[in-house]
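Only one structure is covered here, and it is reproduced in the block below.
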Amino acid sequence: MRWRSLLAAGVLAFGLAGCAGVHKSAGSSARLDDTPRIAVISAFQPELALLLNRLQGPVKHSVDGVDFTTGTLEGKPVVLFLSGISMTNATMNTQRVLDRFRITHIVFSGIAGGVNPSLHVGDVTVPAQWGQYLEVLMAREAAPGKFTAPPFIKDATLPNFGMMHPRPVEVRSAAHPQIERRFWFEADPKMLEVARSIRNVDLASCSAGKCLARKPQLVIGGNGVSGQAFMDNKAYREYTFKTFQANVLDMETAAVGMVAYSNGVPYIAFRSLSDLAGGGEGENEMGTFMGIAADNSAKVMLAFLAAWK
């Protein structure tokens, strides 16, 4: 009986140890790959499709349900993955790739809503900086149509849209360990310089029998903004352009820029206009031109990788 009890105890201990090992492995932050790589991010599958098709020597890794695929693009070692849509997903999964891989630079490729009225669907933008335009104070209405910030909030200095007063965000980094407040997160100047050198990318005007009214253009520089809402409102679009001088808006890039800043990793983002964020005639254009925009952004990003030294 004593022998059986010892055997049962041993089996139970082995089983528990095995469970503990599996749990540790699942929650481990061990690096999955030691090759220095460029992280190439898109928010959702249509934005990444062309890039995955071009990837050489793909090897897939899975971390907490997120697939990371290593390989080479334009001769450069990369890891491709989807951030997921939204600021929270982008923040979480950008940090995850930095923790699990040896990342030297971050590149985002995807679609966006156009804010600058001089830009058109299909155009590709590469902003010099990104801000979180929906990080706001919701002010109380002190009088009809008049919204006032509490006296202890001193950083809501940008023009408001009704009760919504934009504010900078708190951030810390290795270079600045004390909390600072920033609105803009700048793209890396060297990466931006390479982007400015890109020439002769054949940007598509038609897809699946649907064509744009004009040939898309590549626009380098200016501002982009990101927030946790899909924006399809003409009045707010006009406010966004006037207040932030933004060319485009999306739901991820400024969050990626903040994580990049905090970790001291250079980043840049390529965003092609799939719609006009409420500024176009009729219903939102994204469902019609998403494919053209996603591929145009990916084409410019590939040209960037080819030019990157």
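Note that the structure is a prediction, hence the values are computed from the model and not measured. Because only heavy atoms are used, hydrogens play no part in the values below, and waters and symmetry mates are left out as well, while side chains stay in.
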Could you walk me through whether F68 and L80 pass side chain to side chain contact (heavy atoms under 4.5 Å, CB included), step by step?
CA-CA 6 Å; F68 297 91; L80 273 60; over 6 Å; no

Carboxylate-amine/guanidinium contact R214 D123, below 4.0 Å
yes

Testing the basics here: between G122 and L212, what is the closest heavy-atom pair and its distance to 0.1 Å?
CA-CD1, 3.9 Å

same_hphob_cluster(V79, I106) at 4.5 Å side-chain heavy-atom cutoff
yes

Is there a continuous path of hydrophobic side-chain contacts, each under 4.5 Å between heavy atoms, that joins V107 to I198?
yes

Is the shortest heavy-atom distance from the side chain of E74 to the side chain of W308 under 4.5 Å?
no

For S262 and S173, indicate whether the former's side chain and the latter's backbone hold a donor-acceptor pair under 3.5 Å.
no

Quick one, V63 with L32, criterion side chain to side chain contact (heavy atoms under 4.5 Å, CB included). Give me CA distance, side-chain angles, the key distance, then yes/no.
CA-CA 10 Å; V63 180; L32 299 175; 3.4 Å; yes

Contacts under 3.5 angstrom, residues 124-142 side chains, donor-acceptor by atom type, not counting sequence neighbours:
unit_1, atom_1, unit_2, atom_2, d
T125, OG1, R271, O, 2.9
Q129, NE2, N223, OD1, 2.9
E141, OE2, G145, N, 2.7

With hydrophobic residues grouped by side-chain heavy-atom distances under 4.5 Å, do V201 and L305 end up in a single group?
yes

Are side-chain heavy atoms of L158 and F244 found at a separation under 4.5 Å?
yes

Could you tell me whether R181 sits above the aromatic face of F183, with NZ or CZ closer than 6.0 angstrom to the six-membered ring centre and within 45 degrees of the axis?
no

R237 side chain to L276 main-chain N or O, any donor-acceptor pair under 3.5 Å?
yes

Do you know which two heavy atoms are closest between T69 and P58, and how far apart they sit?
CG2-CB, 3.8 Å

Would you please test M258 and T91 for side chain to side chain contact (heavy atoms under 4.5 Å, CB included) and show each step?
CA-CA 8 Å; M258 182 173 174; T91 301; over 6 Å; no

Heavy-atom pair with the smallest gap, counting every atom of I292 and A204:
CG2-O, 3.4 Å

Over all heavy atoms of both residues, which pair between I111 and E47 is shortest? Give the atoms and the distance, please.
N-OE2, 2.8 Å

For D250 and S226, test the side chains for any donor-to-acceptor distance below 3.5 angstrom and give the result as yes or no.
yes

Say you draw a straight line from CE of M251 to CZ of F230; how long is it, rounded to the nearest 0.5 Å?
8.5 Å

Judged by modelled atom types alone, do Q95 and N263 share a side-chain donor-acceptor pair under 3.5 Å?
yes

Enter the distance from L249:CG to N116:CG here, rounded to the nearest 0.5 Å.
11.5 Å

Do N89 and L82 have side-chain heavy atoms sitting under 4.5 Å apart?
no

Here the gap from M290 atom CE to S274 atom OG, rounded to the nearest 0.5 Å, amounts to 8.0 Å

How long is the gap from OG on S109 to CG on L302, to the nearest 0.5 Å?
7.5 Å

Under 4.5 Å between side-chain heavy atoms, counting indirect links through other Ile/Leu/Val/Met/Phe/Trp/Tyr residues: same cluster for L192 and V219 or not?
no

Are F304 and F270 close enough, and set up right, to give a ring pair (Phe, Tyr, Trp, His ring centres under 6.0 Å), and what steps lead you there?
CA-CA 10 Å; F304 168 83; F270 301 83; 5.4 Å; yes

Drop me the distance from F289's CZ to K210's NZ, to the nearest 0.5 angstrom.
8.0 Å

Over all atoms of both residues, closest heavy-atom pair of T35 and P77:
CG2-CB, 4.0 Å

Taking CE in M92 as the centre, count heavy atoms belonging to other residues, nucleotides or ligands within less than 6.0 Å. Is the count above 12?
yes

Parallel, tilted or perpendicular, as decided by the 30° and 60° cut-offs, for the rings of Y236 and F161
perpendicular

Where does the angle between the aromatic ring planes of H61 and F101 fall among parallel (under 30°), tilted (30 to 60°) and perpendicular (over 60°)?
perpendicular

Calculate, to the nearest 0.5 Å, the distance between atoms CG and CG belonging to N296 and L203 respectively.
4.5 Å

Smallest heavy-atom separation, D202 atom then K299 atom, equals O-NZ, 3.3 Å

Is it the case that atom CZ in R54 sees more than 12 heavy atoms from other parts of the structure closer than 6.0 Å?
no

pair R100-R31: side-chain heavy atoms closer than 4.5 Å:
no

Are the side chains of S83 and F44 in touch, meaning some heavy atoms are under 4.5 Å apart?
no

Same apolar cluster: I38 and F108, side chain cutoff 4.5 Å:
no

Quick one: are V115 and N247 in side-chain contact, heavy atoms under 4.5 Å?
no

Is any side-chain heavy atom of V225 less than 4.5 Å from a side-chain heavy atom of T240?
yes

Under the salt bridge (charged side-chain N to carboxylate O under 4.0 Å, His left out) test, residues paired with E238 that sit two or more places apart
K234

Check the surroundings of atom NZ in K190: do more than 12 heavy atoms from other residues, nucleotides or ligands lie under 6.0 Å from it?
no

Regarding R37 and D33, does a basic nitrogen lie under 4.0 Å from an acidic carboxylate oxygen?
yes

Under 3.5 Å, side chain of S297 to main-chain N/O of A294, donor-acceptor pair present?
no

CD of Q45: more than 12 outside heavy atoms within 6.0 angstrom?
yes

With a 4.5 Å limit on heavy-atom distance, are the side chains of L98 and V259 in contact?
yes

Are R102 and D34 close enough for a salt bridge, meaning some N to O gap below 4.0 Å?
no

For the side chain of Y261 and the backbone of E186, is there at least one donor-acceptor N/O pair under 3.5 Å apart?
no

Under the 3.5 angstrom rule, does the side chain of S207 hit a backbone N or O of G291 as a donor-acceptor pair?
no

Please walk me through it: do I41 and F81 pass side chain to side chain contact (heavy atoms under 4.5 Å, CB included)?
CA-CA 5 Å; I41 312 174; F81 69 100; 3.5 Å; yes

